[in-house]
2 protein chains.
Amino acid sequence: MTNAEDQPTAELTILQLLAGTVLDANQNITFQIFDILRDLIVSVRLRPGQRLSEKEIAAALCTSKTPVREAMIRLDEIKLVRIVPQSGTYVTKISVSRYRTACFIRLQLELGAVRGAALTPDPHQSIAVLDGILSQTAKAIAQEDDAAFCTLDDAFHRQLFIMAGFKDAWSTARRTQFDVNRVRHIRRMQRIITGPAQLADHQAIVDAIRAQDGARAEDALRAHIGDLDRQISALVRDDKMRGFIALEDSI
Amino acid sequence: MTNAEDQPTAELTILQLLAGTVLDANQNITFQIFDILRDLIVSVRLRPGQRLSEKEIAAALCTSKTPVREAMIRLDEIKLVRIVPQSGTYVTKISVSRYRTACFIRLQLELGAVRGAALTPDPHQSIAVLDGILSQTAKAIAQEDDAAFCTLDDAFHRQLFIMAGFKDAWSTARRTQFDVNRVRHIRRMQRIITGPAQLADHQAIVDAIRAQDGARAEDALRAHIGDLDRQISALVRDDKMRGFIALEDSI
DNA sequence: ATATTAGTTCTAGCATACAAGTATCCCAGT
DNA sequence: ACTGGGATACTTGTATGCTAGAACTAATAT
């Protein structure tokens with residue numbers, strides 16, 4: 001583990017982050033804890049590499065270790081934490097190899113989605129939905145509303161999968177994309193604005209789908225995703241990511 | 001739950017399946033149990049819909065409920081079992097919607113793989129590996145060696161991803177493919193032989209890669225996978241699958 | 001014969017206690 | 001100053017007991 005001083009921003013203790021959180025005793029405790037921790041990790045409020053203590057979390061949430069541990073097991077299973085026997089439980093670092101794999105998976109699935117969307121038999125209504133999302137996105141960018149932008153970005157991609165007839169494919173594959181989301185969150189925290197460029201890319205994709213031109217839609221998507229290897233080396237070189245990433249998926 | 005009498009074949013109790021299994025006390029008990037149960041479920045020796053008792057399994061393996069439960073939680077997380085509060089833990093039925101989604105994911109990722117494989121700069125050695133796998137596959141088919149056939153099929157697909165430079169993509173995505181594997185196992189148990197056809201398809205893919213013709217490789221792969229919707233309706237209609245499948249992913 | 005309801009028996013959820021391994025710190029020796 | 005080793009204080013892994021709720025059974029009322 002690196003020192004807190006080495007990190008770009010101050011490391012918040014889990015205790016600070018959970019302060020004031022109360023659980024609903026009538027709902028399943030394990031899943032409440034799971035949701036809380038997953039959100040904290042994906043939004044990088046819990047830092048990659050940070051150590052988590054089952055006991056400490058249990059105390060902060062006024063519960064016993066068992067549900068905390070069971071939530072940790074689920075988080076370990078989706079590789080958001082790594083439980084190291086007799087040592088501790090750590091928030092996983094962002095794995096470059098996992099990130100690269102996730103980008104490949106994302107690209108391939110979205111290629112299928114835009115291809116399918118371009119073949120939608122009666123596309124008018126579906127395309128109207130896409131147009132609506134894009135115009136709302138433009139508003140969100142103008143108002144610098146990050147949260148809305150993210151939601152709309154998500155809605156855009158989901159709509160493509162719906163049009164292709166594979167509504168569930170994206171929600172299934174999202175489980176492989178946590179590291180991509182963490183990188184995005186870090187970029188966004190550092191006010192790295194890519195909104196306008198993304199909007200233009202999305203517009204090009206919609207135009208191709210409107211023209212029912214699957215090949216052009218695929219090309220537009222490839223352009224949108226960009227060159228993976230260059231993106232990877234930029235990620236590895238990025239000083240702001242230092243301490244957050246690991247080449248392989250250790251810790 | 002349906003009656004055991006309704007099922008195509010006799011339902012083996014978990015106790016029968018675990019008879020004689022002893023765990024290594026020096027290794028992590030939870031993961032040993034996880035591996036055992038995962039294999040039993042994917043190979044359909046534990047039947048879709050079958051109820052599992054934490055207590056019973058713990059007794060059969062001479063351990064306590066805790067590691068069994070933790071293994072169950074991991075299995076629940078990858079949707080091989082479903083833990084129903086205060087009711088029981090059940091082997092999930094094969095979900096038609098999950099199966100369909102898995103086929104889409106599989107196709108899209110393999111499209112990327114064969115496309116990438118066709119672009120391998122110095123392909124001679126890699127293609128020699130593919131040729132070797134195919135000739136071994138032919139032997140396995142001649143000898144009706146199911147286990148070897150499966151292993152080689154897996155090796156073939158893995159080699160494609162290696163050639164495309166995305167070695168980990170397949171192992172990552174396999175977590176979405178359990179239902180596909182279960183369907184295969186059921187078909188194989190019923191001696192539904194598709195080996196020769198698969199071998200010919202694989203040969204066509206290799207030929208296209210050898211010619212560095214990415215488009216033709218994609219076409220060969222699409223032909224290999226076939227028409228998804230027809231496959232789905234065949235699956236739903238198949239009497240041998242009755243009781244094993246569910247339209248949505250309930251239970 | 002059927003519907004309903006009370007009672008019993010099962011389940012998973014959670015709390016707690018203990019066991020076993022790991023990392024750290026302190027101190028002795030070089 | 002630095003290295004080596006051992007005690008100590010942590011960590012997760014496992015065992016067990018208890019509770020609340022679901023499901024099944026069987027008896028009762030209609």
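Chain identifiers are assigned alphabetically (A, B, ...) following the order of the sequence lines, protein sequences preceding nucleic acid strands; residue numbering begins at 1 within each chain. All heavy atoms count here, side chains included; hydrogens, waters and symmetry mates do not.
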query: Rounded to the nearest Å, what distance is computed from the CZ atom of residue A:Arg74 to the C1' atom of nucleotide C:dA12?
result: 12 Å
query: Counting just side-chain N and O atoms, does B:Thr30 come under 4.0 Å of either OP1 or OP2 of D:dT14?
result: yes
- line: CZ (B:Arg158) and OG1 (B:Thr151) are apart, to the nearest 0.5 Å, by 9.0 Å
task: Counting heavy atoms from C-beta on, name the nucleotide in D:dA15, D:dT11, C:dT16 closest to the side chain of A:Ser64.
output: C:dT16
field: Nearest-nucleotide comparison on DNA chain C, the residue closer to the 5′ end among A:Glu70 and A:Pro85
entry: A:Glu70
field: Nearest-Å distance for atom pair CZ/C1', residues B:Arg69 and D:dG17
entry: 15 Å
query: Looking for any heavy atom pair under 4.0 Å, which part of the strands does B:Leu23 touch: base, sugar-phosphate only, or nothing?
result: nothing
field: Electrostatic pair B:Lys65-B:Glu54, nearest N-O below 4.0 angstrom
entry: no
message: Distance check needed: C:dT22 P versus A:Ile83 CD1, whole Å only.
response: 16 Å
query: CZ of B:Phe31 versus P of D:dG13: gap in Å, rounded?
result: 8 Å
query: When rounded to the nearest 0.5 angstrom, what is the spacing between CZ in A:Arg182 and CG in A:Asp179?
result: 5.0 Å
- prompt: Between B:Thr63 and D:dA15, is there a side-chain N or O to OP1/OP2 distance below 4.0 Å?
  reply: yes
query: If you check the B:Lys65 side chain, which of D:dT11, D:dG13, D:dT16 turns out closest?
result: D:dT16
query: Regarding B:Arg100 and the six-membered ring of A:Phe166, is the cationic atom NZ or CZ under 6.0 Å from the ring centre and inside 45° of its axis?
result: yes
- line: When rounded to whole Å, the CZ to C1' distance for the pair B:Arg82 and C:dA12 reads 14 Å
query: Thinking salt bridges, do A:Arg175 and B:Glu77 make one under a 4.0 Å N-O criterion?
result: yes
message: D:dT11, OP1 or OP2 - any side-chain N/O from A:Thr89 closer than 4.0 Å?
response: no
message: So B:Ile33, base contact, sugar-phosphate only, or nothing? Heavy-atom distance under 4.0 Å.
response: nothing
query: What is the distance, rounded to the nearest whole Å, between atom CE of A:Met72 and atom P of D:dG13?
result: 11 Å
query: Rounded to the Å, how far apart are A:Glu54 CD and C:dT16 P?
result: 15 Å
Residue whose closest nucleotide on DNA chain C lies nearer the 5' end, A:Pro67 versus B:Glu56: B:Glu56
query: Nearest nucleotide by nearest heavy atom, which residue falls closer to the 5' end of DNA chain D, A:Lys55 or B:Asn28?
result: A:Lys55
message: I'd like to know if B:Ser87 reaches the base of C:dA12 with its side chain such that a donor and an acceptor end up less than 3.5 angstrom apart.
response: no
task: Examine the base of D:dT12 for any acceptor or donor lying under 3.5 Å from a partner atom in the side chain of A:Gln86, and report the outcome as yes or no.
output: yes
field: Interatomic distance where CZ belongs to A:Arg51 and P belongs to D:dT11 [whole Å]
entry: 6 Å
